[in-house]
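First the proteins, then the strands, lettered A, B, ... as listed; each starts at 1. Fair warning: this is a prediction, and the values are worked out from it, not measured in the lab.
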Amino acid sequence: MSTIVYIPRDSSALSVGAEKVANAISQEAAKRGIAVTIVRNGSRGLYWLETMVEVSTDKGRVAYGPVKAADVSGLFKADFLNTEAASAKAHRLNLGLTEELAWLKQQQRLTFARVGITDPVSLEDYLAHDGYQGLKNALELSAADIVKTVTDSGLRGRGGAAFPTGIKWNTVLGCAADQKYIVCNADEGDSGTYSDRMIMENDPYVLIEGMTIAGIAVGATQGYIYLRSEYPHALVVLNEAIAKAEQAGYLGDNILGSSYGFNLEVRRAAGAYVCGEETSLLESLEGKRGLVRFKPPLPAIEGLFGKPTVVNNVISLATVPIILHKGAQYYADYGMGRSRGTLPIQLAGNIKQGGLVELAFGITLRELLYDYGGGSASGRPIKAVQVGGPLGAFLPESQFDTPLDYEAFSAIWAVLGHGGIVAFDDTVDMAKMARYAFEFCAIESCGKCTPCRIGSTRGVEVMDKIIAGTDRVKNIKLVRDLSDTMLNGSLCALGGMTPYPVLSAINHFPADFNIKDAAV
Amino acid sequence: MQDTFIDQASVQAGWTEKLDQLIAHYKSLPGALLPLLHAIQDELSYIPESAYPKIARALSLSVAEVHGVVSFYHHFKTHKPGRHVLQICRAESCQAMGSEGLEAHAKQCLSIDYHQTSQDQAITLEPVYCLGNCALSPAVMMDEEIFGRVSKADLEALIHDAKKAEAQV
Ligand SMILES: NC(=O)c1ccc[n+]([C@@H]2O[C@H](COP(=O)([O-])OP(=O)(O)OC[C@H]3O[C@@H](n4cnc5c(N)ncnc54)[C@H](O)[C@@H]3O)[C@@H](O)[C@H]2O)c1
Ligand SMILES: Cc1cc2nc3c(=O)[nH]c(=O)nc-3n(C[C@H](O)[C@H](O)[C@H](O)COP(=O)(O)O)c2cc1C
Ligand code: SF4
Ligand code: FES
């Protein structure tokens, strides 16, 4: 009998040698005349343990990790496929049953329920793990009731702005038009975030299902996934999954024999951060430069090619199937305050145990950094964390007890954004980080408004003076004035939020700017 | 607009026909320009300026508009890059794990700065802002292959392999 061995095809796992491990295992098995069936699954998101190899047993999967290609012959010598063997149990890479790993077991994986478990491109696998249950229910409901279910679940935009998804859909539903669109924002530009990538590479059908439900709900028959060009692996997986879904009647003109039609296409972005901003994205999809549009009109009313358009983040859309499957209340029962449900949190930067943690809102940063993250990778104290990408504030240790909740973060002038948490140890120089925030804004500015275009370049120059020690007090005041102008005068959040990392760095870490306190 | 010599695309036999095919294939797509530009770059590894007039005509745009779009996006290249493109992530998560050291090391090993190509035409060096590999920072990408937890020695080996592979051709 052939033993099933799972080896991830997720690009982060590939980045530390998963392909080599898979090749080594199949070669070693062939050499020894042992029958193995290798399944390329997704990653469970315990990235410090990649490449994680799992062996299927009647008690569940037994994990080994982090496995390098050089470990493979030793694993065979220890009879690792026979997980009951004493030598297999004693192997230094044996992690025991995957599902019993505390890091995973304590999570509340709703959106990520299947990630790492299934073969991403197998539609059969998807169906066998509750796939397309949400769509089946949606087909029984009126459009208004689908929208109401999403509204009642409390789901808010996971791209970062946290606008209620159901309310956005309702605006599109209410527009009469000959054509409407569903656009998935898969530009995931924020540093420290990779949950969109994980969904697309590791459970693409959940995104396809979510977009199909969105189409049925608002009356849109065409969908686009705007995918950043830095994700070539996701492109391959998405295209394969879309083709299979079409063949099986889950996409196309009569979805599952109903009167609803929905077609889906992946469009590659071209490496501009600002094209993650929804109106810039729409310009780009139309084949133009990604210049930000004035709002109003909202995309919900005049979006792609001037038609009513739902623009949603990957995670927002991928969360819709479970809400339609299990009900609004099931989802809304998780969370705190006005932040309902779960957030796929991404631990990154200088962290020992980086990876994907999906939990109900309400957990604190400290728990995430130490209980899940295990502290810094370098072993030095964590000095600062940046939450919510390059436009998010830096938080000092004294704010680590803040719960993950949109409102709690606003209250301390910070943002949760897309749920990325980047840790820095005490070797970080916050003045350099502030300079980088301006530099990034200058590189990525679409150039449409002056506060952002000019302000960011000026910001870099002034930060250079501060770092060089020239007229510090005067120049810090200049940075504050500049930040004010950008905050109040920018057309979009690229210019408008760059002051978050800049000012939080000055306010919380004045010593790095060689000033005694932030009052300067 | 006449592009005379230095149009490296004309070196590739059959390019004119290929371009016509690509244009015919993408022309009627809504928002065809980006997919078409991607297809051209996939084929040639850059977008030759000599292709702009044809693209413009097919999509009812001006040459200036095509130029504006190509130059807006960091991903599109207007000059032929080296045989490999090495992208080093400069974003925050990778900075927290020492990407600055990697950048300096790559520049030194290749004796070039960003957006330049090594003298042997083997490697073009580009910055990138996040590869979605932030749990395994620092990260780099060689062509379409991604690498995580990259040390200076790993980077050197990558560069060495890329150069060696070419030397054998
Ligand atoms: N995920 C990433 O990689 C990334 C990168 C940069 C920024 N961001 C985030 O983006 C956020 C800013 O985004 P934004 O400028 O789109 O925010 P926004 O507040 O302008 O809009 C949020 C969403 O709600 C919609 N909306 C607002 N009112 C509506 C109504 N009445 N009816 C229907 N729809 C309505 C908007 O069209 C938009 O889709 C920042 O907070 C930041 O966290 C995310
Ligand atoms: C500069 C900038 C970049 C953005 N990048 C992204 C992105 O990469 N992904 C994303 O989902 N939203 C991004 N957003 C937010 C989008 O404009 C928009 O709010 C979001 O796609 C709506 O989807 P949601 O409601 O599901 O979150 C960005 C916003 C700005 C200002
Ligand atoms: S703030 Fe910057 S990116 Fe946004 S519209 Fe203005 S110039 Fe463009
Ligand atoms: S910041 Fe470098 S991979 Fe994300």
Checking [X] against chain A: side chain, backbone, both or neither under 4.5 Å from a heavy atom?
X: B:Pro30; value: both
X: B:Val128; value: side chain
X: B:Glu100; value: side chain

Chain B contact via [X] - side chain, backbone, both or neither, heavy atoms under 4.5 Å:
X: A:Ala234; answer: neither
X: A:Leu356; answer: neither
X: A:Glu439; answer: side chain
X: A:Cys446; answer: both
X: A:Glu265; answer: side chain
X: A:Gln386; answer: side chain
X: A:Phe305; answer: side chain
X: A:Met198; answer: neither
X: A:Ala437; answer: neither
X: A:Thr193; answer: backbone
X: A:Lys352; answer: backbone

What are the two closest heavy atoms between [X] and [Y], and how far apart are they?
X: A:Arg267; Y: B:Gly31; value: NH1-O, 3.2 Å
X: A:Gly354; Y: B:Ala135; value: C-CB, 3.9 Å
X: B:Glu92; Y: A:Tyr436; value: OE2-CE2, 3.3 Å
X: A:Tyr194; Y: B:Gly132; value: CB-O, 3.3 Å
X: A:Gly271; Y: B:His75; value: N-CB, 4.0 Å
X: A:Ala377; Y: B:Met97; value: CB-CE, 3.9 Å

Pairs of heavy atoms under 4.5 Å with chain A: top-ranked of [options]:
options: B:Val150, B:Asp154, B:Leu29, B:Val140; value: B:Leu29
options: B:Ser137, B:Pro138, B:Gly68; value: B:Gly68
options: B:Asp42, B:Leu59, B:Val66; value: B:Asp42

[X] [atom1] to [Y] [atom2] distance, which is reported to the nearest 0.5 Å:
X: B:Asn133; Y: A:Arg197; atom1: CG; atom2: CZ; answer: 6.5 Å
X: B:Leu131; Y: A:Glu188; atom1: CG; atom2: CD; answer: 11.5 Å
X: A:Asp190; Y: B:Cys134; atom1: CG; atom2: SG; answer: 9.5 Å
X: A:Ser15; Y: B:Glu145; atom1: OG; atom2: CD; answer: 10.0 Å

Side chain proximity check, [X] to [Y], heavy atoms < 4.5 angstrom:
X: A:Lys432; Y: B:Gln95; answer: no
X: A:Lys288; Y: B:Leu61; answer: no
X: A:Arg268; Y: B:Leu37; answer: no

So, [X] side chain and [Y] main chain: donor-acceptor pair closer than 3.5 Å or not?
X: A:Arg289; Y: B:Phe72; value: no
X: A:Ser191; Y: B:Ser93; value: yes
X: B:His38; Y: A:Ala269; value: yes

Problem set entry | Polar contact flag, side-chain donor to acceptor under 3.5 angstrom, B:Tyr73-A:Ser284 | yes
For this session: Say whether B:Glu144 and A:His233, considering side chains only, have a donor N or O and an acceptor N or O under 3.5 Å apart.
Result: no
Exercise. Hey, which of A:Gly420, A:Gly290, A:Gly447 has the most heavy atom pairs under 4.5 Å with chain B?
Worked result: A:Gly290
Exercise. Are B:Tyr129 and A:Tyr273 close enough that their ring centers fall under 6.0 Å?
Worked result: no
Problem set entry | Presence of salt bridge, B:Arg149 and A:Glu50, under 4.0 angstrom | no
For this session: Give a yes or no on whether B:Gln119 atom CD has more than 12 heavy-atom contacts from other residues, nucleotides or ligands under 6.0 Å away.
Result: no
